[in-house]
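Only one structure is covered here, and it is reproduced in the block below.
First the proteins, then the strands, lettered A, B, ... as listed; each starts at 1.
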Amino acid sequence: MAKPKIEPRLPKGMRDFLPAQMIKREYVFNIVREVFHLYGFEPLQTPSLELTETLMGKYGEDADKLIYNARHTEGKEELSLRYDLTVPLARVVGQYQNDISLPFKRYQLSPVWRAERPQRGRYREFYQCDADIVGAQSMLADAEIISLIVTTLKRLGFKQFVVKINNRKLLTAIGEYAGLDGEPLANLYRSIDKFDKIGADGVRDELLKRGIALEVTDRIMELITRKLPGTEQLDYLDDVMSSFSAARAGIDELRQIARHLQAANVPADAYEFDFTMVRGLGYYTGPIYETVITEPNLGSVTGGGRYDELVGLFRGESLPTTGTSLGIERIIDLMDVLDLYPPEIGGTVVQVMVSVFGEDTQDQAAALAAQLRAADICTEIYLQDRALGKQMGYADKKQIPVVALLGPDEIAQGVVKFKRLRDGYEITTPNAEAATAVRSLLTR
RNA sequence: GUGGAUGUAGCUCAAUAGGCGGAGCAGCUGAUUGUGGAUCAGCAGGUUGAGGGUUCGAGCCCCUUCAUCCACCCCA
């Protein structure tokens, strides 16, 4: 065997997913897709590459530097790997106005690429999972998104989580109240966004450092940190902030969302209003939401909100849009941490391995495999001529649950023997009943 | 982009003060040619990330470079 000359290595920040890992990832992907379909979201796929001009300038200068350029040496088009799924969505909505009827509900579960410095849980190629509703002004759309999040997380097995809901209009009003606009307002958001990390005192210090008057800072802190049950929190803010029209509008939207969520039977403990939650600086214009795993405290797994100005970029008009991004990579990590994978998904998709005793029994083994496959049982036939013990060892290592034994004795009697590796239990059954026998061994 | 740490077998890590590069796991063979895990015996696996320097002698010290990890920045 020649020694490999090429060092097997991965590009920085990129990963392989070996079969045992892929099985888990696809389990999560499949549940997500199921729930999204349940809510009437439909799949969208766009190319990994976009024209560079489609991407550039949509994210801000910092982010533009993180975009992978992918132009072919002799290609005439400037191409880049997509940086998120929102810009492709906006392009699609602008491009297929004949084919898409609004409101457009789509989801996309695809990799994106960002040339960031890799860190724990942060990669240069990673999957994003976005669900958005384009062209719906109503808060019913926002409530649908929140309900979708709650159902998805529940189906995945998460128990203790809460969707935090805020409204950009409220934050704007708070900025107005503090006399801030533009860049200083963005900085205010940045400070408040660190609430989880640096706590109330930390945020207060930052606001003071940013030159906001002591009295105003204390008012802001009071406004955003006061915790009251359910919509009482909205009542309180309404009292204090009603002189600001942006605040009134924001609170009104949150009240509508609360009403819709209640009507849709979303459990009240699955969401809360949290005025310290900001969601970056970006393009949000209305309600924003973020889901945190609360017990144990494991951080956020979804983020989203309403962004009425972005999708119209490729259409020359605003299009009211709301949506969420599932932190699917983070969710996959937490599924392991919280042990949420059902035991029946093992390290392999194979349900039965048909062992082969020798060349003279190969054909019967192949026939048995075909028979099991016809009955929708995932079947592997052992492909080397090795001692039965080796074959058993292989099956054991791969965690294949059942091995079929079809030697000269069985063949002579027209039967097949199956062994369940977990407990060593064996049954012998007539050939015709092979599939039924395997099924009985696989259940429980 | 800034700062710190670490690079030794496929993986996880040893190696006295600078003095013959080891172990566990994984792999392969056998004990056991119709039955896996456990045990035992054996085999194989290396340019110590790369390049240079100091030294009689470098895995170890110095310089450069590359890679990985961690923290910060950022995260639309």
(request) Identify the nucleotide, in any strand shown, that forms a Watson-Crick or G-U wobble pair with B:rU55, with both distances under 3.5 Å; if there is none, say none. (result) none

(request) Give none if B:rA31 has no partner; otherwise give the nucleotide forming a Watson-Crick or G-U wobble pair with it, both distances under 3.5 Å. (result) B:rU39

(request) Considering just the side-chain nitrogens and oxygens of A:K390, establish if one lies under 4.0 Å of OP1 or OP2 belonging to B:rU33. (result) no

(message) Strictly by Watson-Crick or wobble contacts shorter than 3.5 Å, is anything paired with B:rG24, and which nucleotide is it?
(response) B:rC11

(request) Assess whether one donor atom and one acceptor atom, taken from the side chain of A:E410 and the base of B:rG34, lie less than 3.5 Å apart. (result) yes

(request) Scan residues 108-117 of chain A against RNA chain B and write down, sorted by residue number, each residue with any heavy atom closer than 4.0 Å; if none is found, say none. (result) A:R114, A:E116, A:R117

(request) Flag yes if more than 12 heavy atoms outside A:Q97 fall under 6.0 Å of its CD atom; otherwise flag no. (result) yes

(message) For B:rU35, does the base pair up with any side-chain atom of A:E426 as donor and acceptor (N or O, under 3.5 Å, distance only)?
(response) yes

(request) Measure from the side-chain heavy atoms of A:D396 and tell me the nearest of B:rC28, B:rG37, B:rG34. (result) B:rG37

(message) Strictly below 4.0 Å: does A:Q119 bring a side-chain N or O up to OP1 or OP2 of B:rA71?
(response) yes

(request) Scan every strand shown for a Watson-Crick or G-U wobble partner of B:rG18, both distances under 3.5 Å, and answer none if you come up empty. (result) none

(request) Tell which nucleotide pairs with B:rC72, taking only Watson-Crick or G-U wobble pairs whose two distances are both under 3.5 angstrom. (result) B:rG1

(request) Kindly confirm or rule out a cation-pi arrangement of A:R386 over A:Y394, judged by NZ or CZ under 6.0 Å from the six-membered ring centre and within 45° of its axis? (result) no

(message) Strictly below 4.0 Å: does A:K12 bring a side-chain N or O up to OP1 or OP2 of B:rU68?
(response) yes

(request) Report yes if at least one side-chain N or O of A:R120 is closer than 4.0 Å to OP1 or OP2 of B:rA71; otherwise report no. (result) yes

